[in-house]
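Predicted model, so just to flag it, every value in this text is computed and none were measured. Here is the naming used below: chain letters follow the sequence lines, and residue numbers restart at 1 for every chain. Computed from heavy atoms alone, side chains included, the values below leave out hydrogens, waters and symmetry copies.
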Amino acid sequence: MTASRAPLLLTACSLVISCRGSHERERADFERMRLQQRYTLYAASPSFANGQSMQSPPAGTVSREALATVPIVVTPQLLARGKDRFTIYCAVCHGAGGFGGSLVAENMGQPRPPSLRSQALLTRPVEYIFTVATAGKGRMPAYAPQLTASDRWAVASYVHALQSDTTRSTDDVKDSLMAEQIARIDSAAAAAAARRR
Amino acid sequence: MAAIFPPWANVAARASLIAGVCALGGLAVGVMAWARTPNATRRYQPVSQPVPFDHRVHVAGEHIDCRYCHFSVERSSTAGIPPSTTCVPCHSTTWLTSATLAPVVKSVETNTPLRWNRVTALPGFVYFNHAVHVNNGVHCETCHGRVDRMAAVYQAEPLTMNWCVSCHRARAPRLTNCSTCHR
């Protein structure tokens with residue numbers, strides 16, 4: 001090693017060593033960012049009895065939005081939104097056309113999801129559909145967590161429009177055929193049960 | 001005085017210096033390469049769950065939309081794991097009696113959340129938002145892969161910063177400012 005290189009080496013060594021001083025602080029800083037003292041929506045929290053950071057509002061709470069939307073104006077946009085939401089949340093059981101013929105309905109035991117295009121429902125007001133979507137009925141749970149109040153109004157309006165619609169799309173046809181098939185399975189099962197008795 | 005080192009020592013010294021530098025460089029490259037492997041980014045590793053929930057049965061088999069269960073995905077930062085009450089309408093007669101669903105029943109009865117294990121998780125300093133992506137035409141599939149074909153969900157994409165930024169760079173509002181994601 002020549003003398004001219006020694007200072008270079010010394011500088012390099014001291015640089016390497018000097019890195020160590022602030023290392024702990026940087027590490028603590030990084031850890032503070034990596035594990036931030038905040039709750040995300042679904043994080044667990046030891047502060048509440050049920051262990052959730054996200055608490056439910058007290059029973060009977062009415063959202064401001066629910067009050068604001070009561071006199072609904074049926075527009076094409078509202079029906080389009082209703083159809084979109086219906087397809088996601090309702091068609092799963094009630095079928096794409098509302099006839100009650102879905103894959104899930106076929107797998108489900110009694111009572112099966114009813115058709116939404118029956119004569120009995122046709123005479124009900126749109127508020128009735130909204131209430132069922134909000135609070136549930138029988139085996140159907142409340143859909144208030146999934147659908148906001150304005151979405152539930154949109155869905156109710158769409159279902160109402162569906163009932164008076166006599167034109168058939170391919171979805172409707174498939175759904176009604178499947179509903180008939182399910183009804184046949186049900187009546188055959190009922191007949192078999194009656195025979196056994 | 002005889003030479004302490006034989007003549008080939010010069011070559012050896014140079015060779016070992018070069019080898020040392022190469023080894024250091026190689027180590028750095030190796031670490032960086034490893035960080036990009038599926039092992040380091042926890043890709044393709046199915047996570048076991050308290051209930052063997054199968055997306056294939058529900059999404060492909062029953063035609064249930066992702067948003068039926070992950071219903072906050074369009075209006076909040078988190079997609080959310082469905083509450084146990086979501087399972088009830090379909091599982092109240094036929095399946096609720098089966099042993100596989102016992103934890104779900106218990107959770108509904110005692111009103112305590114079921115503890116699912118996380119599959120995709122970002123560090124606390126990354127502020128991700130589902131709604132902004134889903135409402136701007138980025139599909140679940142782009143980031144989560146074909147969940148409808150997974151028996152147990154695994155992380156399909158690396159979810160590294162490079163992965164996020166490479167998409168943001170290619171799209172119209174080039175959201176590459178650090179504070180877009182880090183706060």
- Mind ranking E74(B), R118(B), H58(B), R115(B) by heavy-atom pairs under 4.5 Å with chain A and telling me who comes out on top? E74(B)

- Message: Could you see if F86(A) belongs to whatever hydrophobic cluster contains V132(A)? Use Ile, Leu, Val, Met, Phe, Trp, Tyr and a side-chain cutoff under 4.5 Å.
- Response: yes

- Query: chain B heavy atoms under 4.5 Å from P145(A): which part of the residue, side chain, backbone, both or neither?
  - Reply: both

- Which region of I81(B), side chain (C-beta onward) or backbone (N, CA, C, O), has a non-hydrogen atom less than 4.5 Å from a non-hydrogen atom of chain A, or is it both or neither? backbone

- Note on the structure: Okay, A49(A) and chain B: the region with an atom under 4.5 Å from a heavy atom over there is neither

- Message: Let me confirm one number: the CD1-SG distance from I64(B) to C93(A), rounded to the nearest 0.5 Å.
- Response: 8.0 Å

- Message: Hydrophobic cluster membership, with links at side-chain heavy-atom distances under 4.5 Å among I/L/V/M/F/W/Y: are L122(B) and F125(B) in one?
- Response: yes

- Message: Please classify the contact of Y127(B) with chain A as side chain, backbone, both or neither, using a heavy-atom distance under 4.5 Å.
- Response: side chain

- Query: Do V51(B) and V57(B) belong to the same hydrophobic cluster, where Ile, Leu, Val, Met, Phe, Trp and Tyr are linked whenever their side-chain heavy atoms lie under 4.5 Å apart, directly or via other members?
  - Reply: no

- So what's closer than 4.5 Å to chain A heavy atoms on T110(B): side chain, backbone, both or neither? neither

- Item | Residue among V92(A), L147(A), I88(A) with most heavy-atom pairs under 4.5 Å to chain B | I88(A)

- Item | Which atoms of S77(B) approach chain A - backbone, side chain, both or neither, heavy atom under 4.5 Å | neither

- Message: Please say yes or no: joined through hydrophobic side-chain contacts below 4.5 Å, possibly via intermediate residues, are V73(B) and L159(B) part of one cluster?
- Response: no

- Message: Heavy-atom count check: over 12 atoms from other residues, nucleotides or ligands less than 6.0 Å from N111(B) CG?
- Response: no

- Message: Nearest 0.5 Å, please: how far is CZ in F71(B) from OH in Y143(A)?
- Response: 10.5 Å

- Item | Part of R112(A) within contact of chain B (heavy atom distance under 4.5 Å) | neither

- L162(A) with L116(A), same ILVMFWY side-chain cluster at under 4.5 Å: yes

- More than 12 heavy atoms of other residues, nucleotides or ligands under 6.0 Å from CD of Q55(A): is that the case? yes

- Query: Can you name the nearest heavy-atom pair linking V104(A) to C90(B), along with the distance?
  - Reply: CG1-SG, 3.9 Å

Please tabulate, for side-chain N and O atoms in residues 18-36 of chain B, each donor-acceptor pair with protein atoms closer than 3.5 Å (sequence neighbours left out).
| unit_1 | atom_1 | unit_2 | atom_2 | d |
| --- | --- | --- | --- | --- |
| R36(B) | NH1 | M32(B) | O | 2.9 |

- Message: Under 4.5 Å from any heavy atom of chain A, what part of R183(B) do you find: side chain, backbone, both or neither?
- Response: backbone

- Task: Check for a donor-acceptor pair, side chain of Y89(A) on one end and backbone N or O of R67(B) on the other, with a separation under 3.5 Å.
- Result: yes

